Asker: 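One structure follows; several queries about it will come next.
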Amino acid sequence: MEVSLGQKHKPQEFTLVSISELASSSSSSSSSSAPVVARFGGDSGAAELRLRQETDSDDISFDLRTTQIFRLSPVQSVCISEGDAGKEKSHSRGVTLLFRNEEECSAFHSAFDKRKKDDIVQGSHLPNGAISSLKSRFDDKIESSSSKMYFHYYGQLLHQQNMLQDYVRTGTYYAAVMENRADFTGRVVVDVGAGSGILSLFAAQAGAKHVYAVEASEMAEYARILISGNPALSERITVIKGKVEDVELPEKADILISEPMGTLLVNERMLESYVIARDRFLNPNGKMFPTIGRIHMAPFSDEYLFVEVANKALFWQQQNYYGVDLTALHGSAFQGYFSQPVVDAFDPRLLVAASMSHVLDFTNIKEEELYDIDIPLKFVATVGARIHGLACWFDVLFNGSTVQRWLTTAPGAPTTHWYQLRCVLSQPIYVMAGQEITGRLHMVSHSAQSYTIYLTLSAKMWGPGAEQGGILQSSSCKLDLKEPYYRMSQPQAYPVAQDQQQHPLMQPQDLSIQPQDLEDADLMLQASPNSGAPLNSLIDNI
């Protein structure tokens, strides 16, 4: 039985210092310096906020079911009402509210949130007749325990510090923004998953007209403090606490900036939120920083790593552990250790073939395409070796109008907090130089904000008559990207043999990406099988 809203709440009133109506395409902005009374409920107790001015001006009313409120400062907020323009959402009205003090501002926000939440729980109908739901688009696909832990993790300053102190990461973002000031000056920017707010501050330094820093974790409060501590920039930055799937913004963005990359580029599934923000907030022909991402892959040979992983299960071979025979679980433990992707920084000389890559173009990829990523693999071995699995890393391009800059996590390049990732096979395969290696890397997203990885590598017949021959060996594994084995906490220096020349690393930002490289969504970049040492092949593909 539905209870009337009037029975749930009595009208509440707040006295405001003044209000100022935001400009829209159809009207100029207006403001009132006279005191204003903000009243929740209306005469019938409906889900409504009414702003009543002491002058003869008409009242301004908001339907709470389609209205959001954001805090601009301790004593100032903005109220945004969502309109309806056909199939596209629009923002029909926006009003800034100035309170007498911080306490009254906080009390107003609490009353707004409680009134709106209670009305939704009661099942109030939206204007189009749809039932509003407390469950967001994000919550529909991510289990609550995972998201709770995720936002708790990123709500802590020590983890933000870890990322800020990745100077390859932070320095590349700073360079990409500052070298492309023309893309930011006078533009509206949305920082997706703003964290500490560092990228918002970079955008403001580059001359952004206004930056909306959207952050769902408790880090949003720290971001407000950090931004307030930079008064020369803070007036042009608004921190909005909420998920990009749920929040409303008062205007469209000219450019999106974000750091949505996880291990193997896709872990944590934040790329989906980045794409959703593009669809919701970005103007047509707007820019995205980063613009594209590439997952690079190559087979590797590392006997030490293989033995290390396999030996972890030796514990379960004990036949008299306090009188208990553990051997019945050895097989399960053995497979369990090989189901963990290994995250570390490895020597690129361990690669036994030229790398290939798979492109994700953030400007046009659909969210659903990130749910299931299927990559055919094809390599030609440059040396004879025992292949222990597939090595992976990624890079992203900031396709600015002035400078194209790459951020790479490649082996041999300066180490980042992402390191590299390796999928280790429990059954290695043997290859000879010139032999073809085929397979498939299939990544399926799951509700714990990560992916299940299915990897198969096969060695085809080699030598005379190989074209008529079939598969000689094949090995497969299933891994959980959510549960990696962090093999090292610090990057290690790899010694160079006396008879081996060091190869100078080419900077990926010095390379330009050709338009035709992005035409095919399933682009697979394959290096020449005639390339020389594995390191050269690796660098050529960056």
Side-chain angles (χ1 to χ4, degrees), residues 9 11-24 29-42 47-54 57 59-83 91-120 188 190-191 194 197 200 204 209-228 231 233-244 246-251 281:
H9 294 293
Q12 286 179 275
E13 291 187 354
F14 294 83
T15 300
L16 311 181
V17 174
S18 64
I19 63 173
S20 177
E21 191 162 6
L22 300 180
S24 65
S29 62
S30 62
S31 62
S32 170
S33 57
V36 178
V37 174
R39 179 185 175 92
F40 287 106
E48 177 185 72
L49 169 63
R50 185 176 295 274
L51 304 177
R52 180 167 296 170
Q53 305 174 68
E54 291 187 355
S57 303
D59 292 353
I60 299 174
S61 63
F62 292 91
D63 185 336
L64 294 190
R65 297 165 296 185
T66 57
T67 300
Q68 295 199 54
I69 188 168
F70 305 109
R71 203 160 184 168
L72 302 179
S73 74
V75 295
Q76 190 176 38
S77 300
V78 60
C79 201
I80 304 296
S81 175
E82 180 184 299
H91 308 289
S92 59
R93 169 163 278 181
V95 175
T96 57
L97 316 174
L98 183 62
F99 297 85
R100 292 182 293 191
N101 52 57
E102 185 173 353
E103 290 73 20
E104 291 187 5
C105 182
S106 297
F108 180 87
H109 275 256
S110 296
F112 181 96
D113 292 340
K114 179 172 176 55
R115 181 68 65 115
K116 183 170 183 176
K117 178 179 179 181
D118 289 350
D119 287 331
I120 292 175
V188 175
V190 172
D191 183 357
S200 297
K209 176 184 175 183
H210 201 87
V211 184
Y212 296 96
V214 182
E215 172 58 40
S217 77
E218 294 303 317
M219 186 53 55
E221 300 303 323
Y222 289 110
R224 288 193 179 104
I225 296 171
L226 180 63
I227 290 167
S228 297
L233 305 173
S234 61
E235 292 184 357
R236 290 182 285 124
I237 303 175
T238 300
V239 178
I240 299 172
K241 185 178 180 182
K243 304 182 183 77
V244 294
D246 305 334
V247 303
E248 297 293 340
L249 301 180
E251 56 187 327
F281 304 133

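A quick note: this is a predicted structure, and the numbers were derived from the prediction, not measured. Side chains are part of it too, since the values below use all heavy atoms of this structure and drop only hydrogens, waters and symmetry mates.
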Asker: Quick check: do Val75 and Leu98 have side-chain heavy atoms less than 4.5 Å from each other?
Answerer: yes
Asker: Go through the structure and list residues passing ring-ring contact (aromatic ring centres under 6.0 Å, His included) with Tyr222, not counting sequence neighbours.
Answerer: none
Asker: Name all residues meeting the side-chain contact (heavy atoms from CB on, under 4.5 Å) criterion together with Ser61; count only those two or more places apart in sequence or in a different chain, and write none if there are none.
Answerer: Glu48, Arg50
Asker: For a side-chain hydrogen bond (donor to acceptor under 3.5 Å, both in side chains) check, start with the C-alpha distance between Glu13 and Thr15, then their side-chain angles and the critical distance, and finish with the verdict.
Answerer: CA-CA 7 Å; Glu13 291 187 354; Thr15 300; over 6 Å; no
Asker: Rounded to the nearest 0.5 Å, how far apart are CD of Gln76 and CD of Glu102?
Answerer: 13.5 Å
Asker: Phe62: which residues meet the ring-ring contact (aromatic ring centres under 6.0 Å, His included) condition with it, sequence neighbours left out?
Answerer: none
Asker: Would you say CD of Glu235 has more than 12 non-hydrogen atoms from neighbouring residues, nucleotides or ligands within 6.0 angstrom?
Answerer: no
Asker: Do the side chain of Gln68 and the main chain of Asp246 share a donor and acceptor less than 3.5 angstrom apart?
Answerer: yes
Asker: Quick check on side-chain contact (heavy atoms from CB on, under 4.5 Å): which of Leu249, Val247, Val239, Ile237 does Tyr212 satisfy it with?
Answerer: Leu249
Asker: Between atom CE of Met219 and atom CD of Glu215, what is the distance when rounded to the nearest 0.5 Å?
Answerer: 7.5 Å
Asker: Can you name the closest pair of heavy atoms from Thr67 and Asp63 and give their distance?
Answerer: OG1-O, 2.6 Å
Asker: Provide the closest heavy-atom pair for Ala223 versus Gly197 in the form atom of the first, atom of the second, distance.
Answerer: CB-N, 4.2 Å
Asker: Side-chain contact test, heavy atoms from C-beta onward, threshold under 4.5 Å: evaluate it for Val78 versus Thr238 and give yes or no.
Answerer: no
Asker: Pair Leu97, Ile69 - check side chain to side chain contact (heavy atoms under 4.5 Å, CB included), show working.
Answerer: CA-CA 10 Å; Leu97 316 174; Ile69 188 168; 4.3 Å; yes
Asker: Could you tell me whether a side-chain N or O of Gln12 sits under 3.5 Å from a main-chain N or O of Phe40, the two making a donor and an acceptor?
Answerer: no
Asker: Do Leu64 and Leu49 have side chains that get closer than 4.5 Å, going by heavy atoms?
Answerer: yes
Asker: Measure the spacing between OG of Ser234 and CD1 of Ile225 and express it to the nearest 0.5 Å.
Answerer: 13.0 Å
Asker: Can you say whether the rings of Phe99 and Phe108 are parallel (under 30°), tilted (30 to 60°) or perpendicular (over 60°)?
Answerer: tilted
Asker: Kindly compute the distance separating CZ (Arg236) from OG (Ser200), expressed to the nearest 0.5 Å.
Answerer: 11.5 Å
Asker: Out of curiosity, Asn101 CG to Ser106 OG, how far, rounded to the nearest 0.5 Å?
Answerer: 9.0 Å
Asker: Would you say Arg71 and Lys241 make side-chain contact, with heavy atoms under 4.5 Å?
Answerer: no
Asker: For Glu221, look at atom CD and say whether over 12 heavy atoms of other residues, nucleotides or ligands are found less than 6.0 Å away.
Answerer: yes
Asker: When rounded to the nearest 0.5 angstrom, what is the spacing between OG1 in Thr96 and CD in Glu21?
Answerer: 9.5 Å
